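Just so it is clear, the model here is predicted, and its values are computed rather than measured. Naming convention: chains lettered A, B, ... in sequence-line order (proteins, then strands); numbering from 1 in each chain.
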2 protein chains.
Amino acid sequence: MHRVGKLDNWDEIRTAFQVARKGTVSGAADALGVHHATVIRHIDALEGRLGVKLFQRHARGYTATEAGQDLLQVAQATDDQFTQLAGRIKGQGEGVSGDLVITSLDMLSAMLTPAMVAFQAEHPEVRIRYRTGDRVFRLEYGEAHVAIRAGSMPEEPDNVVQPFMSQRLSLVASEAYVARRGLPKDVDDLPNHNFVVFDNEKSRAPFGIWLRERVPEERFTYRATDNRNMLDAILAGAGLGFVSSQLLDHHPDLIEVIPSEDSWTAPLWLVTHVDLHRTTKVQAFLKFIKAHFKTVASS
Amino acid sequence: MHRVGKLDNWDEIRTAFQVARKGTVSGAADALGVHHATVIRHIDALEGRLGVKLFQRHARGYTATEAGQDLLQVAQATDDQFTQLAGRIKGQGEGVSGDLVITSLDMLSAMLTPAMVAFQAEHPEVRIRYRTGDRVFRLEYGEAHVAIRAGSMPEEPDNVVQPFMSQRLSLVASEAYVARRGLPKDVDDLPNHNFVVFDNEKSRAPFGIWLRERVPEERFTYRATDNRNMLDAILAGAGLGFVSSQLLDHHPDLIEVIPSEDSWTAPLWLVTHVDLHRTTKVQAFLKFIKAHFKTVASS
DNA sequence: CCGACCCTGTGCATTGATGAACGTTGCGTG
DNA sequence: CACGCAACGTTCATCAATGCACAGGGTCGG
């Protein structure tokens, strides 16, 4: 059903608004940048649809009836609202404020958090929201502005991808485990040990593939879905496991079992949605985080 | 100068509003009754003009960015406002409320006022504004809804004219004047008397013409621009003068000098502007006032 | 009293917006 | 894994909205 008299055409209201303001069709046409014939047609259409005269025509121009004056007030308020809206939206695109949503694998949390805190300190107007979780947050649905992804370069069409840094991994065990089971002599000795792994059969992480090629699945004695929990398990002596190399500094009781292989290192990517990539807020964050880790790396 | 980013196209905002509501281009197109290609073009144009993405495109539809959500809120408010406006305007055209502006020669004030009061009593929602004055209030400029005009039928193009009633005039004098100067014997005796006249040389009122044909201008010893003042002058004995025949009932000290001639009677016309004539408010008043004076005349 | 100017209003040519059709992509389902 | 569905996105033909030109009428100033 289509109710009669519903205002279906907002542009005609805008035209009527200008006519009511200026008092003449010609003046309104000039203000709107259209031909005065168009203005007349808009008014006629609007009045025809409403069934009420909005203006009285006379040689000096158009004067608003009561209905026209009512429309004038409403449209004036609307015009103000839209002007403010335009200002906000344009300012929003240019300024660094509002929410900035970042997502990554929770494995990277320890590394990223200091950087995000520093960024927020530099831009007090912005509120950081850091989202990690078992599922991958999707940029397409507006769930995050920036994602830090690991592994092979993402190739989703609407995402703009930048190389970020390399995530080096180490195969470690806790002192407690080594005291009990000893260190593997070499790679071939690995099947004789227990492993703490991520509970994802079809993980395409290179170190996961590397491990599955050398160690039968029965040795994956502890499976977790959370990196934090995996670390706890390794520290508790559940077995060998892969952790971010940076963690070795913070956990002296972790012992590197065998030398880190280059194939394990997963590149990290800064990913943004193409719709948001141009905004200064996102750009500011990307620039900041790249500079931040360049400094950290060089220091 | 034309500021960039000003929202020049309210229809595009309306389109974006529906997209933000429905979440999909197709849904919005369906709601708007247009093709979905049109919706896409509107969004693209709007985003291009603002320089900010309002939506993130993905396979499941469009989700609003922060800017899009801001627009959604503003446009939602606007839609509500316009809906209410449409309701008010349509109701206004149908109902009998608001101002009702009536204008006439002030000579008719005494006759019209009771009718207008009775009309207002019947329609409490309406506020009567009765405007008399030296100048003629013009319907074209929206100065009045209804005019009561005397004399020959008005023929302005945008006015709709209805015959109302006849205004019978009498040539009278006060008892004081008659006591001092006596009554004229007949028409030919009139130049020997003084006259109270309306101060308008080129009055086309038939009684005025009739008088000027028979009495030299020197005998117009009292000229007034106000009917009320003319009546006062006649009552004070300034001379003979034309008054509405109905006044004889209220002023017993007025004496009819010679029998009223048919040529003096001026027809009265109910005049409305074509733009307002169709409104129920005006129609209600016209119907009421015609019935009112029909009853009065027949009683 | 008259002429110049401004504003409205309308018929006709044109442009820009719209609609239809098709292709593509992603997602869910059996 | 294949299929179907739903949604976006583009291209081309069409049509309605627009702009243009001119006529008509009223007002204002000299």
Length of the line joining [X]:[atom1] and [N]:[atom2], which is rounded to integer Å:
X       : N      : atom1 : atom2 : value
B/Asn9  : C/dG16 : CG    : C1'   : 13 Å
A/Glu47 : C/dT8  : CD    : P     : 13 Å
B/Leu32 : C/dT18 : CG    : C1'   : 13 Å
A/Gln56 : C/dC7  : CD    : C1'   : 17 Å
B/Asp8  : C/dA17 : CG    : C1'   : 17 Å
B/Lys53 : D/dC8  : NZ    : C1'   : 14 Å
A/Asp44 : C/dT10 : CG    : P     : 8 Å
A/Phe55 : C/dC7  : CZ    : P     : 16 Å

**Prompt:** Would you call B/Asp11 and A/Arg14 a salt bridge, using N to O less than 4.0 angstrom?
**Reply:**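 Salt bridge between B/Asp11 and A/Arg14, a charged N being under 4.0 Å from a carboxylate O: no.
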**Message:** OP1 or OP2 of D/dA6 versus the side-chain N and O atoms of B/Ser26: is any pair under 4.0 Å?
**Reply:**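 No, no such contact exists.
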**Asked** Does a side-chain heavy-atom distance below 4.5 Å link B/Phe137 with B/Val101?
**Response**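 Sidechains of B/Val101 and B/Phe137: no contact.
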**Residue pair A/Asp79 / B/Trp10, side-chain heavy-atom distance below 4.5 Å** =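 Result yes, sub-4.5 Å side-chain heavy-atom pair found.
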**Message:** Less than 3.5 Å apart, any donor N or O on the side chain of A/Asp80 or A/Gln76 sitting next to an acceptor on the other?
**Reply:**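 Yes - a donor-acceptor pair under 3.5 Å links their side chains.
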**Partners meeting salt bridge (Lys or Arg N to Asp or Glu O under 4.0 Å) with A/Arg57 (sequence neighbours left out)** =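 With sequence neighbours excluded, A/Arg57 shows a salt bridge (Lys or Arg N to Asp or Glu O under 4.0 Å) to A/Asp44, A/Glu47, given in chain and number order.
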**Asked** Do the ring planes of B/Tyr62 and B/Phe55 sit parallel (below 30°), tilted (30 to 60°) or perpendicular (above 60°)?
**Response**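 B/Tyr62 and B/Phe55: tilted rings.
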**Request:** At under 4.0 Å between heavy atoms, which parts of nucleotides 19-30 of chain C does protein reach? Answer with one letter per nucleotide, 5' to 3': B base, S sugar-phosphate only, - none.
**Result:** BBB----SSS--
